[in-house]
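Order of listing sets the numbers, starting from 1, for every ligand and every atom in it.
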Amino acid sequence: MEFNKITTCKGEVTIPGDKSISHRAVMFGALAKGTTKVSGFLKGADCLSTISCFKQLGIDIEEQNNQIYIHGKGLHGLSASANPLDTGNSGTTTRLISGILAGQSFTTELNGDASIQKRPMRRIIEPLSLMGASIESIRGNDCAPLRITGKPLHSISYQSKVASAQVKSAILLAGLYADVKTSVTEPAISRNHTEIMLNSFGAKVESVGLTATVYPEPDLYAIDINVPGDISSAAYFIATGLIVPGSEILIKNVGINPTRDGIIRVAKEMGGDITLLNVKESGEPTADILVKHSNLHGITIGGDIIPTLIDEIPIIAIMAAYASGTTIIKDAAELKVKESNRIDVMVNNLSAMGCDITGTNDGMIIHGGKQLHGAVIDSHLDHRIAMSFAVASLACEGTTTIQGAECVNISYPNFYEDLKGLCK
Ligand code: S3P
């Protein structure tokens with residue numbers, strides 16, 4: 001797909017539903033008694049993978065008037081699937097469902113696409129095995145395909161080496177089936193949607209500092225869920241507004257949970273003109289975000305803020321390329337094990353556009369402000385890479401060709417239409 005420089009970007013965009021919250025709504029709805037109604041569900045390929053996995057586990061899920069209805073069967077109502085589950089490209093589906101399957105009384109095999117088959121699963125195999133589940137990497141390489149045989153679980157107090165909501169959530173979900181309370185402590189706080197939503201369904205999950213604790217065998221009861229817009233998707237419009245001269249964009253209905261809002265904090269620190277409007281403080285707070293073109297400058301990004309913007313680092317790197325001065329991104333080695341190796345892929349693609357960027361062991365160093373030019377971009381079928389370079393192409397000279405551009409269907413199927421709708 002080809003992209004060219006635009007004059008400016010103005011208008012309003014409503015962001016589709018949050019991917020993390022959409023996954024969890026289906027999973028927890030399946031484990032609850034009664035029918036959970038989800039409005040604003042993200043119909044991206046990842047969340048559709050979660051739906052199809054739970055259908056295979058015997059849960060009725062239907063769509064009516066753009067709402068998703070999950071007819072839950074309670075904590076012990078899932079049934080064995082005749083065929084392996086296909087988690088597609090979705091790390092969240094793979095890791096969270098493993099926590100649930102660890103507590104079932106049957107065996108399940110699960111597998112995903114080529115990217116999923118390279119992503120590290122030792123991080124869930126270890127704690128779930130410690131809890132007593134039998135969980136095996138079928139090829140013996142600590143990746144999917146996995147074979148999981150649920151067992152009566154015992155609780156653990158687990159010290160996670162990585163700040164990962166997927167690891168934390170897998171353990172908390174297994175903890176629903178354990179004998180006594182189960183705790184996970186992380187090196188830095190990761191997104192807390194599981195804790196918030198499980199409590200809304202009637203579970204007891206406590207968060208104190210870096211530790212989340214779940215109590216076993218609650219009765220979960222169906223609820224109505226309004227999924228806010230995904231800040232990770234809003235990030236592309238935040239960057240567009242900031243880097244394309246003369247732009248002014250109102251991004252509506254964005255989730256601004258403090259465990260996800262690092263992109264807003266970083267964009268402001270880089271000199272971005274960003275205003276939050278219509279802020280609603282509830283379980284999952286939301287706001288409209290007004291962004292105006294700004295002269296950005298480089299900053300250093302590292303430490304505890306990293307988990308709050310981990311998926312936004314590709315687009316932050318694009319912002320840094322258009323900023324004056326140097327941006328250092330560190331403490332982000334997790335980028336290497338996302339849908340692609342996002343350090344290498346950003347370095348190669350931004351270099352191809354003429355940017356001065358160097359990869360490091362745990363991030364990248366970008367000397368911004370050089371004139372960028374169009375290039376052929378290999379997305380590596382990573383949705384966040386494709387969207388980041390579509391944005392980069394709007395403010396540089398020449399034509400940019402993005403290979404595998406259709407992979408945005410993972411998290412934002414209408415991304416290009418929404419972006420083009422604002423471009424002048
Ligand atoms: C997610 C957690 C993060 C994030 C991913 C979604 C989730 O992954 O990168 O896109 O919904 O829990 P990690 O837990 O691997 O950091």
Would you say the ring centers of F3 and F389 fall short of 6.0 Å from each other? no
Are Y221 and F201 close enough that their ring centres sit under 6.0 Å apart? no
Atoms in ligand 1 with a heavy atom of A165 nearer than 4.0 Å: 12 (O), 14 (O)
Would E186 and S160 count as having a side-chain donor-acceptor pair, cut-off 3.5 Å? no
If you have a sec, work out which protein heavy atom is nearest atom 10 (O) of ligand 1 and how many Å separate them, to one decimal? D311 OD2, 2.7 Å
Using a heavy-atom cut-off of under 4.0 Å, does the side chain or the backbone of H23 touch ligand 1, or both, or neither? neither
Under 4.0 Å from ligand 1, counting heavy atoms only, is it the side chain of K168, its backbone, both or neither? neither
For atom 8 (O) of ligand 1, which protein heavy atom lies nearest, and how many Å away is it? K338 NZ, 3.1 Å
The protein heavy atom nearest to atom 11 (O) of ligand 1 is S20 OG, 2.7 Å
On the ring face of Y215, is K181 found with NZ or CZ under 6.0 Å from the centre and within 45° of the axis? no
Among non-hydrogen protein atoms, atom 1 (C) of ligand 1 lies closest to Q166 NE2, 3.6 Å
Just do the side-chain hydrogen bond (donor to acceptor under 3.5 Å, both in side chains) check on T93 and T87 with the steps written out, would you? CA-CA 6 Å; T93 311; T87 60; over 6 Å; no
Nitrogen or oxygen atoms of S164 and ligand 1 under 3.5 Å apart: yes
Answer yes or no: are there more than 12 heavy-atom neighbours, outside K73 itself, under 6.0 Å from its atom NZ? yes
Counting heavy atoms only, which of R24, R95, H193 comes nearest to atom 7 (C) of ligand 1? R24
Please check if the distance between the ring centroids of H76 and Y177 is under 6.0 Å. yes
